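Inspection log for the structure reproduced underneath, given as structure tokens.
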Number of protein chains: 2
Amino acid sequence: MALTAAEIETLAGVAQRKLMLSTDQGLSQQGQANSAAFILTRGWAFSYILLHDGSRQIVDFRVAGDFLGLRGLLSPMSDLFIEPLTDVEVTEFQIGELLGAGTKVPRLMSAILAGIARDQAITVEHLVSIGRRGAPERTAHFFLELGARLEEAGQGRKDNYACPLTQYHMADALGLSAIHINRVLRELREDGLLTFRKGEVFIDDYDQLSKLAGFDPGYLRAKTVF
Amino acid sequence: MALTAAEIETLAGVAQRKLMLSTDQGLSQQGQANSAAFILTRGWAFSYILLHDGSRQIVDFRVAGDFLGLRGLLSPMSDLFIEPLTDVEVTEFQIGELLGAGTKVPRLMSAILAGIARDQAITVEHLVSIGRRGAPERTAHFFLELGARLEEAGQGRKDNYACPLTQYHMADALGLSAIHINRVLRELREDGLLTFRKGEVFIDDYDQLSKLAGFDPGYLRAKTVF
DNA sequence: CGCCGACTTGATGCCACTCAAAAATAGTGG
DNA sequence: CCACTATTTTTGAGTGGCATCAAGTCGGCG
């Protein structure tokens, strides 16, 4: 988001410490205890909600550069859990300090708000997918979004990237059953659109897939206010 | 959210002008042109996304006290439209001024962020509903949330409130067809749980309905950071 | 009175779920 | 290195929830 050197220095003054976490260490409660949040610097994580009947809705997969646990600090008793999906590296910071720095450096606050707005836009797009797109379109859209985000984060190419998800993860993110995800993936593969194999995504026909999904990456861009 | 007199005065210094709008006047583009956003002070509005195939996903219904169009200012080319559902009264403000006031009065900034976090929590809850709840549970949850929000806004009781929605609105918000919404409403009515008639909602058995929906209003509360 | 939007109901069909189980892959300890 | 187990992927069969198509009812309004 192109901060100046001075702004990055301010941010560095806030950043607290790097943490390494592995798959079994949830980090939603962790942050809430000491009102800390995180920026994910390496690996994948995901945020989800657990329903009373045991089913799970994954809200988003988080990759390098994304905030983690911001909402938990602004909303009490957040039932939104966050878990690493791979081993991850996060940098922890105090929410108060970050916002304090933001008040001193308006452009920093603007960047924070832009990040929050982007997360909101992503959630809305997921809502649209689940609410109004059929299973193949939804699945296609999912992998296109991931590709765009990963490429932006320097984690691969938008049409070919490593992806540590199981089909159960995809199912819980897309509001489908894992079995049906499997069938949809096969269909997309046989149509020469997308291949998911052994933790790697190959988008075989980017244009056709984008057209199928109605994918427009506009919502992933954020705008600074000041 | 209990601001002090001084804080409210700061807010009043920001507030620009009251506008009256009727059903046919969209207000998403309106705000973006002059980087203004709104607080809805009377009436109902709704935000939605239009898909290429003409279908519509309603993201949220907005009632008195809610922000309108905040995201459009933080995210470029927002494809999120906002429209009045009834005649509405809004107070317009400049986003820059609001945030400027926020930097001077940290508790105000905290309140703004809490509002944003609440909106995010609401969107996530809709995502969960559409992704993992069946049609009756989803519909029940919808009316319970509306009731809670309206009661908080002083617009009725959580178990009995005026509701100017058509079944088409509900369908597009809940990811169902209007026809199926109709059947679900009948079912809920016949089970003595909820009655929707002529623009008014009666929740006949609040506890049973909450249990059916798995409704927990915790996510509607926001927390101040400072 | 005639029209139009919203609501209601019935019939039919498909998309995606569930149940069931085999095959492939990964992880583990001997 | 191999046997053993757990996890993930894959496929089949049957079912059901919700969509779509079709048509009729009700109420408001010009």
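Owing to the predicted nature of the structure, the values given are computational and were not obtained by experimental measurement. Reminder, nothing fancy here: chain letters follow the sequence lines and each chain counts from 1.
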Side chains of B/Asp204 and B/Thr195 only: does a donor on one sit below 3.5 Å from an acceptor on the other? yes
What's the separation between atom CD in B/Glu83 and atom CD1 in B/Ile58, rounded to the nearest 0.5 Å? 9.5 Å
When rounded to the nearest 0.5 angstrom, what is the spacing between CG in B/Leu165 and CG in B/Leu146? 6.5 Å
Pairing of A/Arg157 and A/Glu151 as salt bridge, 4.0 angstrom limit: no
How many Å lie between [atom1] on [X] and [atom2] on [N], as a whole number?
X        : N      : atom1 : atom2 : result
A/Leu188 : D/dT9  : CG    : C1'   : 16 Å
B/Leu85  : C/dG5  : CG    : C1'   : 15 Å
A/His169 : D/dT7  : NE2   : C1'   : 12 Å
B/Leu174 : D/dC18 : CG    : P     : 11 Å
A/Tyr168 : D/dT10 : OH    : C1'   : 10 Å
B/Leu185 : D/dC18 : CG    : C1'   : 15 Å

With sequence neighbours left out, which residue pairs that include part of residues 142-167 of chain A fulfil the ring-ring contact (aromatic ring centres under 6.0 Å, His included) condition? A/Phe61-A/Phe142
Which letters describe nucleotides 25-30 of chain D, given B = protein heavy atom under 4.0 Å from base, S = only from sugar-phosphate, - = neither? ------
Protein proximity profile, nucleotides 9-18 of chain C - base contact B, sugar-phosphate-only contact S, no contact -, cut-off 4.0 Å on heavy atoms: BBB----BSB
Please confirm whether the shortest side-chain N or O distance from B/Gln167 to OP1 or OP2 of C/dG5 is below 4.0 Å. no
Going by the rule side-chain hydrogen bond (donor to acceptor under 3.5 Å, both in side chains), which residues pair with B/Thr166 if we only count those two or more places apart in sequence or in a different chain? B/His169
Side chain to side chain contact (heavy atoms under 4.5 Å, CB included) partners for B/Ala162, two or more places apart: none
Distance-only donor-acceptor pairs under 3.5 Å for side chains of residues 127-137 of chain B, two or more places apart:
{"unit_1": "B/Ser129", "atom_1": "OG", "unit_2": "B/Arg133", "atom_2": "NE", "d": "3.1"}
{"unit_1": "B/Arg132", "atom_1": "NE", "unit_2": "A/Arg56", "atom_2": "O", "d": "3.0"}
{"unit_1": "B/Arg132", "atom_1": "NH2", "unit_2": "A/Ala171", "atom_2": "O", "d": "3.2"}
{"unit_1": "B/Arg132", "atom_1": "NH2", "unit_2": "A/Asp172", "atom_2": "OD1", "d": "2.7"}
{"unit_1": "B/Arg132", "atom_1": "NH2", "unit_2": "A/Leu176", "atom_2": "O", "d": "3.1"}
{"unit_1": "B/Arg133", "atom_1": "NH1", "unit_2": "B/Ala213", "atom_2": "O", "d": "3.3"}
{"unit_1": "B/Arg133", "atom_1": "NH2", "unit_2": "B/Glu125", "atom_2": "OE2", "d": "2.8"}
{"unit_1": "B/Arg133", "atom_1": "NH2", "unit_2": "B/His141", "atom_2": "NE2", "d": "3.2"}
{"unit_1": "B/Glu137", "atom_1": "OE1", "unit_2": "B/Gly134", "atom_2": "N", "d": "3.4"}

